Student: 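After the structure tokens below, expect a handful of questions from me.
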Protein chains: 2
Amino acid sequence: MGATKTEVFTEQQNRIADLAKAFAHPARVAILQHLAKTQSCICGDLVDVLPLSQATVSQHLKELSRIGIVKGNVDPPRVCYCINEVVWAEAKEAFGKLLTQFEGNFCC
Amino acid sequence: MGATKTEVFTEQQNRIADLAKAFAHPARVAILQHLAKTQSCICGDLVDVLPLSQATVSQHLKELSRIGIVKGNVDPPRVCYCINEVVWAEAKEAFGKLLTQFEGNFCC
DNA sequence: ATCCATAATCGCAATATTACGATATATTTT
DNA sequence: AAAATATATCGTAATATTGCGATTATGGAT
């Protein structure tokens with residue numbers, strides 16, 4: 001054991017969980033906030049801005065890319081990272097829908 | 001290493017990450033969806049509804065309680081779990097704000 | 001060709017998460 | 001008092017995540 005049993009959940013539930021993972025680490029929140037703020041998609045600055053090593057930042061960017069919420073354009077020797085608007089909108093929609101599904105019932 | 005360096009991030013970033021963790025596992029998404037749907041806060045049904053053991057469900061509920069998004073009322077021998085509207089609203093606000101902070105810049 | 005800058009990847013160690021069987025706890029029912 | 005019910009917790013194993021130093025890879029500059 002130790003691995004999440006993804007097979008037993010719906011596609012939607014697994015996708016929401018994955019999208020949430022993008023925000024489930026403060027470093028990734030910081031990265032996304034920075035990319036959202038700076039109009040131009042600054043790249044290696046992230047390493048300067050964040051109090052983490054280059055290797056660690058790169059790893060978080062890889063995870064964000066896997067989820068799809070961030071995309072990178074290579075412009076050697078730099079890579080220009082920015083938010084993928086399509087997936088960002090998907091997250092907005094998914095969390096919006098999920099969080100309005102509950103409108104307050106005071107049972108406890 | 002292996003532990004998140006929470007000290008180097010802002011309170012807000014750490015809180016968002018924590019709130020996101022509530023949704024960062026399909027089982028917890030399923031739990032929250034179930035609690036949001038059923039008007040009465042059904043409790044041990046969760047174990048019947050979810051394809052996970054009682055111990056695992058209990059552990060996820062503990063994590064959701066730690067985050068604060070779920071609260072439980074003991075009514076022995078049962079425990080009645082339900083969504084904590086205050087924290088739910090906090091999540092709604094936090095994600096809403098964060099996800100509208102980006103309005104589309106097409107740099108890549 | 002050599003050096004420099006940027007970023008990915010490797011390898012590793014520390015820690016966290018996920019999952020579950022077994023056991024403990026607490027209350028209700030019999 | 002014993003049995004049944006519901007839930008938490010313990011212990012443990014498997015796997016994932018986090019973090020970083022070192023290395024590699026790529027292309028531009030000297």
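These numbers come from a predicted model, not from an experiment. Naming convention: chains lettered A, B, ... in sequence-line order (proteins, then strands); numbering from 1 in each chain.
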Student: Is the shortest distance from a Lys or Arg side-chain nitrogen in Lys71(B) or Glu85(B) to a carboxylate oxygen in the other one below 4.0 Å?
Tutor: yes
Student: Taking CD from Glu7(A) and C1' from dT18(C), how many angstroms apart are they, rounded to a whole number?
Tutor: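 Answer to the nearest Å: 12 Å.
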Student: Using the side-chain heavy atoms of Leu52(B), tell me which of these nucleotides is nearest: dA16(C), dC20(C), dT7(D).
Tutor: dC20(C)
Student: Nearest whole Å is fine: how far is dT27(C) C1' from Asp75(B) CG?
Tutor: 10 Å
Student: Check this one for me: any side-chain N or O of His25(A) less than 4.0 Å away from OP1 or OP2 of dG19(D)?
Tutor: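 True: His25(A) side-chain N/O within range (under 4.0 Å) of dG19(D) OP1/OP2.
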Student: Would you say Ser53(A) places a side-chain N or O within less than 4.0 Å of OP1 or OP2 belonging to dG19(D)?
Tutor: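 Answer is no, no contact under 4.0 Å.
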Student: So which one's nearest nucleotide on DNA chain D is more toward 5', Arg66(A) or Pro77(B)?
Tutor: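 Mapping each residue to its closest nucleotide by heavy atoms, the 5'-most match is Pro77(B).
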Student: NA contact type, Glu63(A), heavy-atom cut-off 4.0 Å: base, sugar-phosphate, or nothing?
Tutor: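 No contact.
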Student: So what does Gln59(A) hit on the nucleic acid, given a heavy-atom distance under 4.0 Å: a base, only sugar-phosphate, or nothing?
Tutor: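 Touches a base.
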Student: Look at the side chain of Gln54(A) against the base of dA8(C) and say whether a donor-acceptor pair falls under 3.5 Å; ignore hydrogens and angles.
Tutor: yes
Student: Relative to the 5' end of DNA chain C, which residue comes earlier, Ser58(A) or Thr4(A), by the nucleotide with the nearest heavy atom?
Tutor: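 Final value for this comparison: Ser58(A).
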Student: Whole angstrom is fine here: how far is it from CZ in Phe9(A) over to C1' in dT18(C)?
Tutor: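 Phe9(A) atom CZ is separated from dT18(C) atom C1' by 11 Å.
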Student: Ignoring hydrogens, what is the shortest heavy-atom contact between Thr4(B) and Pro26(A)? Give both atom names and the distance.
Tutor: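 That would be CG2-CG, 3.8 Å.
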Student: Could you tell me which non-hydrogen atom of Val57(B) sits nearest to which non-hydrogen atom of Leu46(B), and how far apart they are?
Tutor: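 Where Val57(B) meets Leu46(B) most closely, the heavy atoms are CG1-CB, 4.2 Å.
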Student: Nearest-nucleotide wise, let me know which of Arg78(B) and Lys5(B) is further upstream toward the 5' end of DNA chain D.
Tutor: Arg78(B)
Student: Identify whether any heavy atom of Ala3(A) sits under 4.0 Å from a base atom; if not, whether one sits that close to sugar-phosphate; answer base, sugar-phosphate or nothing.
Tutor: sugar-phosphate
Student: Whole angstroms only, please: what is the OH-P distance between Tyr81(B) and dA6(D)?
Tutor: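 Spelled out: OH on Tyr81(B) to P on dA6(D) is 15 Å.
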Student: Choose from dT9(C), dA7(C), dT18(C) the nucleotide whose nearest atom is closest to any side-chain atom of Val79(A).
Tutor: dA7(C)
Student: Using atom CG of Asp18(A) as one end and atom P of dT17(D) as the other, report the distance to the nearest whole Å.
Tutor: 9 Å
Student: Give the rounded distance in Å between these two atoms: CG of Asn73(B) and P of dT7(D).
Tutor: 13 Å
Student: Are the side chains of Val87(B) and Glu90(B) in touch, meaning some heavy atoms are under 4.5 Å apart?
Tutor: yes
Student: Minimum heavy-atom separation for Leu19(B) to Phe95(B), with atom names?
Tutor: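 That closest heavy-atom pairing would be C-CZ, 4.1 Å.
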Student: Any side-chain N or O of Thr56(B) less than 4.0 Å from the OP1 or OP2 oxygen of dC20(C)?
Tutor: yes
Student: How long is the line joining CG of Leu64(A) and P of dA7(C), in whole Å?
Tutor: 16 Å
Student: To the nearest Å, how far apart are Leu46(B) CG and dT7(D) C1'?
Tutor: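 Interatomic distance, CG of Leu46(B) to C1' of dT7(D): 12 Å.
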